[in-house]
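One structure is given below, encoded as structure tokens.
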Amino acid sequence: MGAFLYYEMYAEYRVDTHPAGGYTGGMATLDVYSITSVMSGEVTAAVIWVSAGYTDRSDFNEIQAGWMVHPSRYRDNKTHFFVYWTTDGYRSGCYDLDCTGFVPVNGASITPGDTLEPAHGQAKISFKIFKNKEDGDWWLHFGYDVNNLSPVGFWPKSLFTHLEDQAEFITWGGITTCPRGNASPPMGNGHWPGKNSASFQNVQLVDTNGQGYTPSVWTLEVYANNKKCYQASTFLDDMFYYGGPGGCVN
């Protein structure tokens, strides 16, 4: 999407102070919703981002996974599990299995691009992205129970430059995209952060053994670029609430 044609809004937490060895992964449990009001040209999503190379945006590397409603891409208003990667600051990139890159494993419980069908409009999924010490590749594990995740596939380390060895940032949160001049779509379930809104639970960093560990609170920063429409709550007990009704025009 051309940046000058579309406006992106987010409410997220990011670990900003990375150790000398960088980060090797992130995980969470996400609430998943059916949001049928998203229109063509709009996107609403909940994502974990693994990224490196911010000092040289032209060579910026990023991995993403999560759920999204993206009618222009999927030709429906359903919620889909997706993956994405870029190595050149979004000048090019690849969703799901659209090109050679992400390598799915046989017999996986889900395939990138599959529809998620939340019962009664809501469900939970858990997944983690981590750099496996055995092969150095970035693996994705998925499940409906945080204690029972299984491999979905991997991004070979050979795809990347900055992400070949480590990540600089891990980010968790919601994002929306809409054409400039249009009212933005709901984020999460459309509610402001609170007990009845969307959440990220079990928010953890992941080591090269695939084991999660809690990030230090002082390393986490919250970002929301349009608080009139979307916000994130205080981070507490490895979780936060996020979202908002949308409706912003910019």
Side-chain angles (χ1 to χ4, degrees), residues 1-14 30-49 51 53-54 56-58 60-96 98-99 112-113 115-116 118 121-122 169 171-194 196-200 221-233 240-250:
M1 295 180 179
F4 61 94
L5 294 176
Y6 290 85
Y7 188 58
E8 191 173 271
M9 298 178 233
Y10 48 81
E12 62 194 26
Y13 272 90
R14 186 171 75 203
L30 285 62
D31 294 312
V32 181
Y33 296 95
S34 296
I35 308 173
T36 57
S37 60
V38 180
M39 308 295 289
S40 179
E42 299 175 349
V43 180
T44 189
V47 189
I48 297 176
W49 294 264
S51 49
Y54 271 99
D56 181 4
R57 296 295 294 184
S58 65
F60 175 64
N61 289 195
E62 188 163 81
I63 291 167
Q64 301 177 12
W67 64 263
M68 65 163 50
V69 181
H70 191 337
S72 297
R73 168 171 173 72
Y74 294 109
R75 306 303 175 191
D76 60 36
N77 278 80
K78 295 180 179 180
T79 306
H80 293 259
F81 184 70
F82 83 96
V83 301
Y84 174 85
W85 60 275
T86 183
T87 59
D88 56 12
Y90 306 114
R91 290 196 305 278
S92 66
C94 189
Y95 280 101
D96 300 335
D98 287 358
C99 64
T115 302
L116 297 168
Q122 181 182 1
F169 302 99
T171 311
W172 303 260
I175 190 168
T176 67
T177 304
C178 66
R180 286 192 177 273
N182 285 27
S184 61
M187 180 189 292
N189 64 355
H191 292 190
W192 291 108
N196 296 318
S197 75
S199 71
F200 275 72
E221 293 286 346
V222 63
Y223 297 92
N225 65 340
N226 197 327
K227 293 183 179 180
K228 293 180 180 178
C229 275
Y230 315 110
Q231 296 182 26
S233 73
F240 65 94
Y241 297 101
Y242 75 98
C248 286
V249 178
N250 194 307

Query - Residues Glu8, Asn226; criterion side chain to side chain contact (heavy atoms under 4.5 Å, CB included); working and verdict - result: CA-CA 10 Å; Glu8 191 173 271; Asn226 197 327; over 6 Å; no
Report task. Heavy atoms only: give me the nearest Trp49-Gly173 pair and the separation to one decimal. Result -> CZ3-N, 3.6 Å
Requested in this report: Apply side chain to side chain contact (heavy atoms under 4.5 Å, CB included) to the pair Trp192 and Gln231, showing each step before the final yes or no.
Outcome: CA-CA 7 Å; Trp192 291 108; Gln231 296 182 26; 3.8 Å; yes
Requested in this report: Measure the CD-OG1 distance between Glu62 and Thr171 for me, rounded to the nearest 0.5 Å.
Outcome: 7.0 Å
Query raised in the report: Between Thr176 and Thr44, is there a donor-acceptor pair closer than 3.5 Å when you use the side chain of the first and the backbone of the second?
Result: no
Query raised in the report: Does any N or O in the side chain of Thr86 come within less than 3.5 Å of the main-chain N or O of Gly93, such that one atom is a donor and the other an acceptor?
Result: no
Query raised in the report: Which distance, rounded to the nearest 0.5 Å, do you find between the NZ of Lys228 and the CE of Met9?
Result: 11.0 Å
Query raised in the report: For the side chain of Asp96 and the backbone of Val83, is there at least one donor-acceptor N/O pair under 3.5 Å apart?
Result: yes
Requested in this report: Mark yes or no for whether Arg91, through its side chain, and Asp88, through its backbone, hold a donor-acceptor pair below 3.5 Å.
Outcome: yes
Query raised in the report: Can you say whether the rings of His80 and Tyr74 are parallel (under 30°), tilted (30 to 60°) or perpendicular (over 60°)?
Result: parallel
Query raised in the report: Quick one: CG on Leu30 to CG on Leu116, what's the gap to the nearest 0.5 Å?
Result: 10.5 Å
Query raised in the report: Would a 4.5 Å heavy-atom cut-off, applied to side chains only, mark Phe82 and Gln64 as touching?
Result: yes
Query - Stepwise side chain to side chain contact (heavy atoms under 4.5 Å, CB included) test for Val43 and Val38 - result: CA-CA 7 Å; Val43 180; Val38 180; 5.9 Å; no
Requested in this report: Establish, yes or no, whether the cationic atom of Arg14 lies under 6.0 Å from the six-membered ring centre of Tyr223 and within 45° of the ring axis.
Outcome: yes
Query raised in the report: Got a second to check how far Asn77's CG is from His70's NE2, nearest 0.5 Å?
Result: 12.0 Å
Query raised in the report: For Gly174 and Tyr242, which heavy atoms make the closest approach, and how far apart are they?
Result: CA-CE1, 3.7 Å
Report task. Of all the heavy-atom pairs spanning Gly41 and Pro179, show the shortest one and how long it is. Result -> O-CD, 3.5 Å
Query raised in the report: Cut-off 3.5 Å, side chains only: do Asp31 and Ser199 have a donor facing an acceptor?
Result: yes
**Report entry** Thr115 side, atom OG1; Phe81 side, atom CZ - distance, nearest 0.5 Å
**Finding:** 13.0 Å
Query - Parallel, tilted or perpendicular: ring planes of Tyr84 versus Tyr95, cut at 30 and 60 degrees - result: tilted
Show me the side-chain donor-acceptor pairs of residues 182-191 shorter than 3.5 Å, one per line, residues at least two apart or across chains.
residue : atom : partner : partner atom : Å
Ser184  : OG   : Tyr230  : OH           : 2.8
Ser184  : OG   : Gly247  : N            : 3.2
Ser184  : OG   : Cys248  : N            : 3.1
Asn189  : OD1  : His191  : N            : 3.1
Asn189  : ND2  : Asn196  : O            : 2.8
His191  : ND1  : Asn196  : O            : 3.3

Query raised in the report: Quick check: does any side chain N or O of Asn61 sit under 3.5 Å from a backbone N or O of Ser51, one acting as donor and the other as acceptor?
Result: no
Report task. Please test Tyr7 against Asn225 for side chain to side chain contact (heavy atoms under 4.5 Å, CB included), starting from the C-alpha separation and ending with a verdict. Result -> CA-CA 11 Å; Tyr7 188 58; Asn225 65 340; 4.2 Å; yes
Query raised in the report: Should the pair Trp67 and Tyr33 be assigned to parallel (<30°), tilted (30 to 60°) or perpendicular (>60°) ring geometry?
Result: perpendicular
Query - Euclidean distance, Phe240 CZ relative to Trp172 CH2, rounded to 0.5 Å - result: 8.5 Å
